[in-house]
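Presented below is the structure to which this report refers.
Note on naming: letters A, B, ... go to the chains in the order of the sequence lines (proteins, then strands), and numbering restarts at 1 for each one. Atom set for the values below is all heavy atoms of this structure, side chains included, hydrogens, waters and symmetry mates excluded.
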Amino acid sequence: MPGSPSDPYDVAVVGAGPAGLAAATTAADHGCATVLLDGAARPGGQYWRRPPGTADAAIDPTTDRFGLGQVLADLLSDLDRVDVRTRHEVWSVQAEPAGFVARALVDGDEVAVRARALVLAPGAHDRQLPFPGWDLPGVVAAGGLQALAKEHRVLPGRRVVVAGTGPFLLPVATSVISHGGTVVAVAEAGDGSGWIRDPAVLMRSTGRIRDAVAHAAVLARHRVPFLRRTAVVEAVGGDAGVTAAVLARLDEAGCPHAGSRRTVDCDVVAAGWGFTPRLDLPLGLGCATRLDRDGSLVVAVNARQETSVPGCFVAGEAAGVGGAELAVVEGRLAGLAATIRLGNAPSDPPPFRLLRRRRTLRRFAALMHAAHPVPPGWPAWLDGRTTMCRCEEVSVADVDEVVTDLGATDPRTVKLLTRCGMGWCQGRICGEPLARLVAARTSTSYDPMAMATRPVAAPLTLGALATGPS
Amino acid sequence: MTESFSFDGTVVTFRSGQTIGAALLASGTRSWRTTRRKGRLRGLFCGIGVCFDCLLTVDGVPDQRACLVEARDGMQVRTQQGVGRAGLAI
């Protein structure tokens, strides 16, 4: 059976978003026996979510202004040479003498898949910054709203405040409009000035600019207030969920201006502060990391997308958040490099066209990160009762208590003393903000690594663990 | 034919392929879990299977992510109170 110890695949790709699809199709095109594993019901990842029953190649043209719909259609039509295994949620990857084993859960049972080379393309989820009331029903991640709208054509409410920072807020806001909701306001913490620092890279990113302009035009036509240097500093509501959001202007340091608070009625706050790469699998394997410009912990890769673990490649957001087009380019490079490593292609340098595009897109990503930073003053909008850890219900006061009274100066100690980050999500949501908060409170250096390692990447039962792979 | 599941005894209809979470939101339900320490209401937050805020009990099995589990005709879906251990005596 392919993927068994006696018959391993050449290449296993984990994650069927833009990067994973590109890696898998590239490896298969070069004759590698390739398997693509993903937890979802269909390939496409977060970016290419589409309504159930939609023909795979049919992408909503309103959400495809820079040609990536055609890229997806091409990738999906190229998948017939790939062993696509959807509904396979990979909970662990390990190195073995002959390659790697990926352990996936299928309806709760474990399946082990072996391959000689591994490409990890786990993607990312919305970065969150806690604020008072962010645990009320109706406060959702911006990407969560987008997933509901794109795949299920459902909105979590009718009157939406979109808040945070980054270009992703624009398509989220237009999604609300196109699904019949009202965008009360878009609160963007940045001021936009950062974008003009690198005009050369903007000239080579016309697709992204056209996309942003098109979204902005929709917002203008619907008279949506686009508020720069503004944040949602509190969500107000009760048992029924959010009923209002408090907006405040931010000063140069990102602290809310006293006296600028105003309340707007809404039933949804959709918040996102860029993205946090999902590093569970590469960290479990021991891949070396680096800190990216946006404060994300990402996997360090070389020019061929190879990690510090020989034979393991990482592509897409986990190697640095940069969007779907960069993920596709990195995926192609990773698929090609895995092929070369296995001896299925001559060891030529990667195509110059791909390397040049990757360089441009990474410069664009760096510009985006510089223009949309996490505002350093964000802890100023916290109060003691603000929930820090949603799972374990740890408050900011609980964190402050162990910092001031018990002398904790690093996030790991705070975690051990408060249980912040020890719940169901294993610190995926609160880990990075806790690392930021502890660094700010104790004037120590920011250490997201302390909150990032998770040996088990997906929930599995003790029964599945005891039974082992089928 | 409309498909539906039971949510704490009420009938919730859904379109084929929708998750339980999407169907509940479409029916106007915003929360379906209480937290185990403070009893606070929670519903869907990250929407993509990362945060585990949207847990509920499906056909007697607790701790299922509403944002990921596809709705099926005749499912018995229940709100989840506190620890979510269903009938387990632990």
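Residue A:A240 touches chain B through its backbone alone, counting heavy-atom pairs closer than 4.5 Å. Both the backbone and the side chain of A:P137 come within less than 4.5 Å of a heavy atom of chain B. Proximity to chain B (any heavy atom under 4.5 Å) is shown, for A:R158, by neither the backbone nor the side chain. In this structure, chain A has a heavy atom under 4.5 Å from the backbone of B:S16, while its side chain stays farther away. With a 4.5 angstrom heavy-atom cutoff, A:V154 touches chain B only via side-chain atoms. Looking at A:E392, the atoms closer than 4.5 Å to chain B (heavy atoms on both sides) sit in the backbone and in the side chain alike. Contact annotation for B:L24: neither backbone nor side-chain heavy atoms come within less than 4.5 Å of a heavy atom of chain A.
When all heavy atoms of A:H152 and B:R15 are compared, the pair lying nearest together is O-NH2, 3.1 Å. Between B:F52 and A:P459, the shortest heavy-atom contact is CE2-CG, 3.6 Å. Here the shortest heavy-atom pairing between B:C51 and A:C391 reads O-SG, 4.0 Å. Heavy-atom minimum distance, A:L148 versus B:L44: CD1-CD2, 3.9 Å.
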Quiz item: Would B:R30 and A:V268 count as a side chain to side chain contact (heavy atoms under 4.5 Å, CB included) if you check the C-alpha gap in whole Å, the side-chain angles of each, and the deciding distance to 0.1 Å?
Solution: CA-CA 10 Å; B:R30 315 181 74 188; A:V268 176; 4.2 Å; yes

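One finds the OG1 atom of B:T35 at 8.5 Å from the CG atom of A:D135 (value rounded to the nearest 0.5 Å). Atom CD of A:E89 and atom CG of B:L68 lie 7.0 Å apart (nearest 0.5 Å). Of the inter-residue distances, the one linking B:R36 atom CZ with A:W424 atom CH2 reads 5.5 Å to the nearest 0.5 angstrom. A distance of 9.5 Å separates CZ in B:R37 from CZ in A:R419, rounded to the nearest 0.5 Å. Note: A:L145 CG to B:L25 CG = 9.5 Å, rounded to the nearest 0.5 Å. Distance check: B:I48 CD1 to A:Q46 CD gives 4.0 Å after rounding to the nearest 0.5 Å.
Top candidate by heavy-atom pairs under 4.5 Å with chain B, chosen from A:G39, A:A141, A:A458, is A:A141. Counting heavy-atom pairs closer than 4.5 Å to chain B, the top residue among A:R390, A:H125, A:Q426, A:E151 is A:R390. Per-residue heavy-atom pair counts under 4.5 Å with chain A were compared for B:G47, B:A22, B:G21, B:A23, and the maximum is reached by B:A22.
Proximity of A:P52 to B:E70: side-chain heavy atoms (C-beta onward) are nowhere separated by under 4.5 Å. Between B:V50 and A:T276 there is no side-chain heavy-atom pair separated by less than 4.5 Å.
When atom types are taken as modelled, the side chain of B:R40 and the backbone of A:E393 share no donor-acceptor pair closer than 3.5 angstrom.
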